[in-house]
Number of protein chains: 2
Amino acid sequence: MFNCLKEEELIAARLFELSKQTMPKFERCTGISQSRLEILRELFEAEEITQRELQKKVNIDHAAVTRHLKQLEEKGMVIRRKNPEDNRFTYVSLTEEGKAKIAAYCEEKHRFISKILNGFSENERSTLLNLLTRIQENVDKM
Amino acid sequence: MFNCLKEEELIAARLFELSKQTMPKFERCTGISQSRLEILRELFEAEEITQRELQKKVNIDHAAVTRHLKQLEEKGMVIRRKNPEDNRFTYVSLTEEGKAKIAAYCEEKHRFISKILNGFSENERSTLLNLLTRIQENVDKM
DNA sequence: TATCAATCATTGACCCATCAATTATAAGGC
DNA sequence: GCCTTATAATTGATGGGTCAATGATTGATA
C-alpha cells in the first residue's frame with residue numbers, strides 16, 4: 001500500500017540501520033565517539049585553530065563543539081586561549097598529552113574500519129566511495 | 001603519520017558524514033524521526049504486536065521503544081494493552097487516527113529518499129544495495 | 001562618539017539513544 | 001507451596017545532537 005518495498009527504500013533502510021548499529025560499536029571498540037575523534041584529528045592536523053573553523057570542519061553544531069572541547073579540556077587533552085587581536089575568537093590546540101593519545105585511538109579506528117570493509121576488493125571500495133559521494137552531493141543540495 | 005587517508009578511511013568518513021547530515025534533514029522534511037516512523041510502519045504491518053517483538057524488529061533499545069510508545073500513546077496514535085494470558089507482555093496496536101497519519105509520513109519519506117538517490121541508475125542502486133548489505137554483514141559479526 | 005549590526009561562544013531546553021537498575025510477572029525445582 | 005530464575009517493561013543517569021536565546025566583542029556608520 002505505501003509502496004515502501006522498492007529498492008530505494010531498501011537502500012535507505014540499510015544506510016539508517018548501518019549507522020544505528022555502527023556508531024555504538026565504534027565507541028565500544030575504540031573507546032571514543034566518532035565525533036570526538038574527528039575533532040581531535042582536525043586539531044592534530046591544524047596545530048592551532050579557531051573554534052569556529054573547527055566547527056565548520058567537523059560539521060556539527062556550535063553547541064556540541066563547545067561541550068566536546070570543554071570536556072577535552074577537563075581531561076587535559078586540549079588548551080584554549082582567546083585571540084588577543086579579537087577576543088571573540090578562541091584558539092584551540094592539543095596538549096602534548098592529547099597528541100600522545102590520538103595515535104592509539106586512530107589505530108583502533110583503523111582496525112575497526114578494516115573489519116567493516118572486510119572482503120572488499122580495491123574495485124568495490126572505489127565504486128562504493130563513488131556512490132556514497134554522489135549521495136552526499138544530493139544531500140548537500142537539499 | 002596516522003595513515004588515515006586510505007580509501008577505507010574515506011568510505012568510513014563518508015558513511016558517518018552522511019548519517020550525520022541526513023538524519024536531521026529527514027526529520028525536518030518528513031516531520032518525524034526515522035526511528036519513530038519505523039516503529040509506526042512495523043505496527044501497521046503487524047496489526048498487533050508485543051512490545052518486545054517490536055523492539056527486536058526496529059532494533060533500538062528497550063528503553064527507547066518504551067518512551068516512543070508512551071509519546072505515541074499520548075498523541076492518540078497507538079493503544080497498548082496487557083496480554084491477559086501473561087501480564088508481562090503488552091500488545092501494541094495503531095489507532096484509526098494513527099493509521100490515517102502514516103500514509104502522509106510515508107509519502108514524505110518516499111519523496112525524501114528519491115531526492116537522495118537522484119541520478120542513480122537501476123544498476124547503480126542494486127550495486128549500492130549489495131555493497132551496503134555486505135558491510136552490514138560484517139558489522140553484524142562484530 | 002554612541003549606536004546598531006554582525007560574529008563567535010556559551011547556555012538552556014529539548015529529543016533520542018545507550019546502559020544499568022528496578023519492578024512486575026511467570027515458570028520450574030525443591 | 002515456596003524460592004530461585006528468567007523475562008518484559010519501566011525508570012534513572014548519562015552522552016550526544018539540534019535549535020533558539022543570550023553574552024561578549026568588534027566594526028561600521030549616522
Side-chain angles (χ1 to χ4, degrees), chain A residues 16-40 48-75 78-93 139 142, chain B residues 16-40 48-75 78-92 142:
Chain A
F16 180 45
E17 192 61 24
L18 208 48
S19 75
K20 215 166 53 178
Q21 290 182 25
T22 307
M23 295 240 227
K25 285 190 182 179
F26 182 93
E27 281 194 42
R28 274 200 301 277
C29 289
T30 63
I32 194 171
S33 75
Q34 301 194 58
S35 287
R36 188 162 297 187
L37 183 50
E38 216 181 320
I39 286 175
L40 291 176
E48 188 166 62
I49 190 177
T50 270
Q51 226 171 280
R52 173 84 184 112
E53 283 303 313
L54 182 60
Q55 183 269 321
K56 277 192 266 181
K57 293 216 180 203
V58 300
N59 202 32
I60 56 179
D61 194 84
H62 299 117
V65 173
T66 294
R67 285 166 186 136
H68 275 296
L69 291 176
K70 195 183 289 179
Q71 288 180 262
L72 287 170
E73 202 172 28
E74 282 166 12
K75 287 189 189 179
V78 143
I79 288 179
R80 283 189 293 176
R81 67 182 185 87
K82 294 234 168 194
N83 179 345
E85 262 94 65
D86 186 339
N87 273 286
R88 287 172 303 181
F89 292 81
T90 85
Y91 285 130
V92 193
S93 58
V139 171
M142 296 181 73
Chain B
F16 181 44
E17 192 62 23
L18 208 48
S19 76
K20 216 165 51 180
Q21 290 183 25
T22 307
M23 295 239 226
K25 285 190 181 178
F26 182 93
E27 281 195 42
R28 274 200 302 277
C29 290
T30 63
I32 194 171
S33 75
Q34 302 194 56
S35 287
R36 189 163 296 188
L37 182 50
E38 217 179 320
I39 286 175
L40 291 177
E48 186 166 63
I49 190 177
T50 269
Q51 226 170 280
R52 172 86 184 110
E53 284 303 313
L54 182 60
Q55 183 269 322
K56 277 192 265 181
K57 293 216 182 203
V58 301
N59 203 32
I60 56 179
D61 193 84
H62 299 116
V65 172
T66 294
R67 286 167 186 134
H68 275 296
L69 290 176
K70 196 184 289 180
Q71 286 179 263
L72 288 170
E73 202 172 29
E74 281 166 12
K75 288 190 188 177
V78 143
I79 288 180
R80 284 188 292 175
R81 66 181 185 89
K82 294 235 169 194
N83 179 344
E85 263 94 64
D86 186 340
N87 272 287
R88 289 172 302 180
F89 292 80
T90 86
Y91 285 129
V92 193
M142 296 178 74

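Reminder, nothing fancy here: chain letters follow the sequence lines and each chain counts from 1. All figures in this text were calculated on a predicted structure; none of them were measured in a lab.
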### Task
Using atom CE of A/M23 as one end and atom P of C/dA17 as the other, report the distance to the nearest whole Å.
11 Å
### Query
In whole angstrom, what separates A/Q55's CD from C/dC8's P?
9 Å
### Task
Kindly give the heavy-atom pair with the smallest separation between B/P24 and B/S19, and that separation in Å.
CD-O, 4.4 Å
### Task
Kindly give the heavy-atom pair with the smallest separation between A/R80 and A/T90, and that separation in Å.
CD-OG1, 4.3 Å
### Message
Applying a 4.0 Å non-hydrogen cut-off, can you work out what A/E53 is touching in the nucleic acid: base, sugar-phosphate, or nothing?
### Response
nothing
### Query
If we only count heavy atoms from C-beta on, is the A/Q21 to B/M142 side-chain gap below 4.5 Å?
no
### Task
Could you pull out the closest heavy-atom pair between B/K57 and B/I49, with the gap in Å?
CE-CD1, 4.4 Å
### Task
Salt-bridge test for B/K70 and B/E73: reply yes if a basic N is under 4.0 Å from a carboxylate O, no otherwise.
no
### Task
Tell me, with the steps shown, if B/L69 and B/L54 meet side chain to side chain contact (heavy atoms under 4.5 Å, CB included).
CA-CA 11 Å; B/L69 290 176; B/L54 182 60; 4.1 Å; yes
### Task
Answer with base, sugar-phosphate or nothing: what part of the nucleic acid does B/Q71 contact at a heavy-atom distance below 4.0 Å?
sugar-phosphate
### Task
Give B/D61 one of three labels, base, sugar-phosphate or nothing, depending on what nucleic acid heavy atoms sit under 4.0 Å from its own.
base
### Task
Taking the side chain as every heavy atom from C-beta outward, state whether B/V78 and B/I39 have any atom pair closer than 4.5 Å.
no
### Query
From the 5' end of DNA chain D to its 3' end, which nucleotides mark the outer limits of contact with chain A, defined by a 4.0 Å heavy-atom distance cut-off (strictly under)?
D/dG16 to D/dT26
### Query
If only side-chain N and O atoms of A/R67 are considered, is one of them under 4.0 Å from the OP1 or OP2 phosphate oxygen of C/dT10?
no
### Query
Across the strands shown, which category fits A/T90 at heavy-atom distances under 4.0 angstrom: base, sugar-phosphate, nothing?
sugar-phosphate
### Message
Looking at every non-hydrogen atom in both residues, tell me the closest pair between B/I60 and B/H68 and how far apart they are.
### Response
CD1-CD2, 4.0 Å
### Message
Counting the atoms with a prime plus P, OP1 and OP2 as sugar-phosphate, which does A/K20 contact under 4.0 Å by heavy atoms, base, sugar-phosphate, or nothing?
### Response
nothing
### Task
Calculate the interatomic distance between A/E27 atom CD and C/dT18 atom C1'; express it in whole Å.
9 Å
### Query
Does B/H62 or A/K56 map to a spot on DNA chain C nearer the 5' end, using the closest nucleotide for each?
A/K56
### Task
Please check if the side chain of A/T50 supplies one atom and the backbone of A/R52 the other of a donor-acceptor pair under 3.5 Å.
no
### Closest-nucleotide 5' rank along DNA chain D - winner of B/Q51 and A/V65
B/Q51
### Message
If you count every heavy atom of other residues, nucleotides or ligands that lies below 6.0 Å from B/Y91 atom OH, does the total exceed 12?
### Response
no
### Whole-Å distance separating the CD1 atom of A/I49 from the C1' atom of C/dC8
14 Å
### Query
Please give, in whole Å, the distance from C/dA17 P to B/N59 CG?
11 Å
Tabulate protein N/O versus nucleotide N/O from nucleotides 2-7 of chain C, keeping only pairs under 3.5 Å, one per line.
none

### Query
Considering heavy-atom distances to DNA chain C, does A/K82 or A/F16 have its closest nucleotide positioned more toward the 5' end?
A/K82
### Message
What is the separation between atom CZ on A/R81 and atom C1' on C/dC8, rounded to the nearest whole Å?
### Response
16 Å
